[in-house]
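This report concerns only the one structure given below.
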Amino acid sequence: MKTPTKSQTDIIQFPYTPNTTLKVIAGPGSGKTYTLLCKVRHLIDTEQLKPSEIVILSLTNKAIDNITDNLLQVFQERNDGKYTVSEVDEIVSQIGIYTIHGLSNRVVTENMGIVNIIEENGWRGLVKLIPKEFWTKRKINTTNDRFITKKLQKLLAEYQIDSKDIDETIEKLTKLMKYSNVLTNDDLIKMAVEFLKTPNSEIDCSFTKFILDEAKVIIIDEFQDLHPGIIRLLETIIGHKQLLLFGDTNQSIYEFLGSNKEVMNELDRLKPEGQKFTKYIYDNFRCTPEISSTANAVINRSICSDISPEHVVKKDPSNVLPIKYNCDELIDELDFIVSEICQLACSSAKLSDIAILTRTNAHSKAIADHLNTFGIPVTKLTAKPDWMSDQRIRFVIDIIQLAVSTIEEADLPDNAPLTMRTKSDFSVIVTLAALKGFGSNTLQKIHESATAGNTSIWRFLNESPTSQWGLTPAVTKKVENYSRVMSSLMNDPPILTIEQPHTLIEKCSDVISKLDLPLFVGNDRAELKSFELNLKEFYMAMKMVTLNKPHGLSLASWFLQTFHDQSILCHNNPSSLTDNGQSLGSVNVSTIHSSKGLEFPVVFLMGRSDYGNFPIESNLLYVAMTRARNLLYLTNVQHRSLLTLPTQKFSLMKNEEFWRYFNRDMNRNFNLPNGDNALNFKRLRTKFGLQNRLFHTFSRGIKMIRK
Ligand SMILES: Nc1ncnc2c1ncn2[C@@H]1O[C@H](COP(=O)(O)OP(=O)(O)OP(=O)(O)O)[C@@H](O)[C@H]1O
């Protein structure tokens, strides 16, 4: 059971006063999140606020997950009989915890119905509506899909700012997006601001009103991630509420989205002079003093605490400095890591204690692939669940969206405004575009005919004779099949009556199996495996949604409204700190960005480029280094502050004192090595070692050539 430190207590007991700001600056591992949670509990315990008057916001799903996960624990700890278990559940469920995009999504859907947040499939569908001449006129090469979709996004964004010079095609697309409720993430934030300023008067917008009028305190976790794109939204929400900001400027690593300083200055201006307070936490429960001081040197951080040193809580020295290793080739780097992992596993670390952090996704992938081929189990950590970026899963979501929006449209009277009757157009285009051999000419023709007939594409395809489609017989046949297969989603049983996730997914699979979709063709085993995993996680996410689905709403509609804000708890679970089982687990591989907010007993930080050119790079290095609790490897990491760091000469495996320290920190029993460690290491090294692998790969290659 934890007890708050002096500086944590000072923050926890800071009183609730409307129209004030408290900014808490707390370094990595200082218990910032723990303090935030204790503060929430204190506000409720002392009856300064009701749970429903508290709103907690952050930019990332991961930070929100972390808060949701630990809030119950903070209420259950030291409960001393104040609340029953069900009262704790009730209290926690009333506290509003949202990502900024999740909150915006709820405001927007409440005011204007379900929206489509456009993703890659959507952009590819839209690209197909653009005639070839559009690109040739602009001398743009159309061979690279990704480049073209990015270019289109840029053109549409420019059109929104200045619509003078853009041609008819862009205008048509903009209209289509508007009529089908298609929004980019930036649009979503802008629309949320509009609805918060002027809620839809024809609907009971209880969530919007709650955010505006009932919430009394807004708590923002990880304030260093805020960027100028969301400042208007924050201003609108905050008003005269108390604002509690928790974060660490030194961990600001999203400056490419805009200046965080600018946002902080604007937030500062929201409150009157004399009503803005700043407090610091200098404790460090995570890193050893050796890791902390090496990391602090990277950002020139000096601890000038306003409280006396005996009140600052630190870990004892481990007497092991961060370990530097430099080499030229990727293969040497991998050999070093594999060798060290074998040593760590032969000492007393588990594989799940280890994280390998890289700057880029490509480097992460290369390392994960190589470790896998060496037979070392790997878990890849990502900021967003993998299923959300899997094109095949996105297609499943697209067809659910199509079914739900066409059903909603079917209930509308014929004289309803066209904008209400064409919300399904975008889903139809995206799903048609995924069919084999479905080119841009066909899509453009269908879209134009439906627009000319003043109807939605879905109704046009289902109600007008095929002779009016103007398509070749082969394509006509394909489209007929498409409408027939998609219609089966709407009946027998209708999609809106399905309550069970497996029934919904089975129905979608049935539809997919009857369509000719290149996206689902292929027999690459690794690809199939990753699809299988993503499908399982998608299914889990849908199951989670059923738990908090309001009565009277269909599973399909509720899933579409909330899936963007789905928890990634069951996805990223670096369980080393809680894992007291016997298994060695798997090595975690992640980019630095995705590792933010996490901690690992052992961290390998990979370099290959200088981290010292810009302040943001030093921050990135600082974030990465401070993920490590006990042991930090710096492999090919260059930074001016590391030049004086001595190179470690002795073998860590023999350092019994350190392994005692390590196990004490991990709350594990430490048994003295039985003398077999060196032998075990030799065996492991042979099993996982590079030379051995190269030999096998080489001899397999020779055999294949002979064949
Ligand atoms: N008062 C305390 N007593 C004991 N352990 C604590 C205390 N406060 C925090 N901790 C522990 O310290 C570790 C770091 O805490 P936390 O994750 O809240 O740090 P943080 O400041 O949010 O880190 P980061 O800035 O890297 O996200 C956690 O393991 C937490 O349980």
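Start at 1 and go down the list; that is how both ligands and their atoms are numbered.
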Name of the residue among L642, L357, V603 meeting side chain to side chain contact (heavy atoms under 4.5 Å, CB included) with M625: L642
Numbered atoms and elements of ligand 1 in range of G27, under 4.0 angstrom, heavy atoms: 21 (O)
Short side-chain to backbone donor-acceptor contact, R627 and L598, under 3.5 Å: yes
Residues in salt bridge (charged side-chain N to carboxylate O under 4.0 Å, His left out) contact with E222, at least two apart in sequence or another chain: K32, K596
Test of proximity, F285 against ligand 1: N or O pairs below 3.5 Å: no
Interfacing atoms of ligand 1 (cut-off 4.0 Å, heavy-atom, R627): 26 (O)
Set of ring-ring contact (aromatic ring centres under 6.0 Å, His included) partners for H370, sequence neighbours left out: none
K365/D369 ion pair, N-O < 4.0 Å: yes
Option with minimal heavy-atom separation from atom 23 (O) of ligand 1, where the choices are R286, Q8, R629: R286
Atoms of ligand 1 close to Q251 [distance to a heavy atom under 4.0 angstrom, numbered from 1]: 25 (O)
Distance filter under 4.0 Å to G597 heavy atoms, resulting ligand 1 atoms: 27 (O)
Ligand 1-proximal atoms of T3, by part, heavy-atom distance under 4.0 Å: backbone
Residues, nucleotides or ligands: over 12 heavy atoms within 6.0 Å of K314 NZ: no
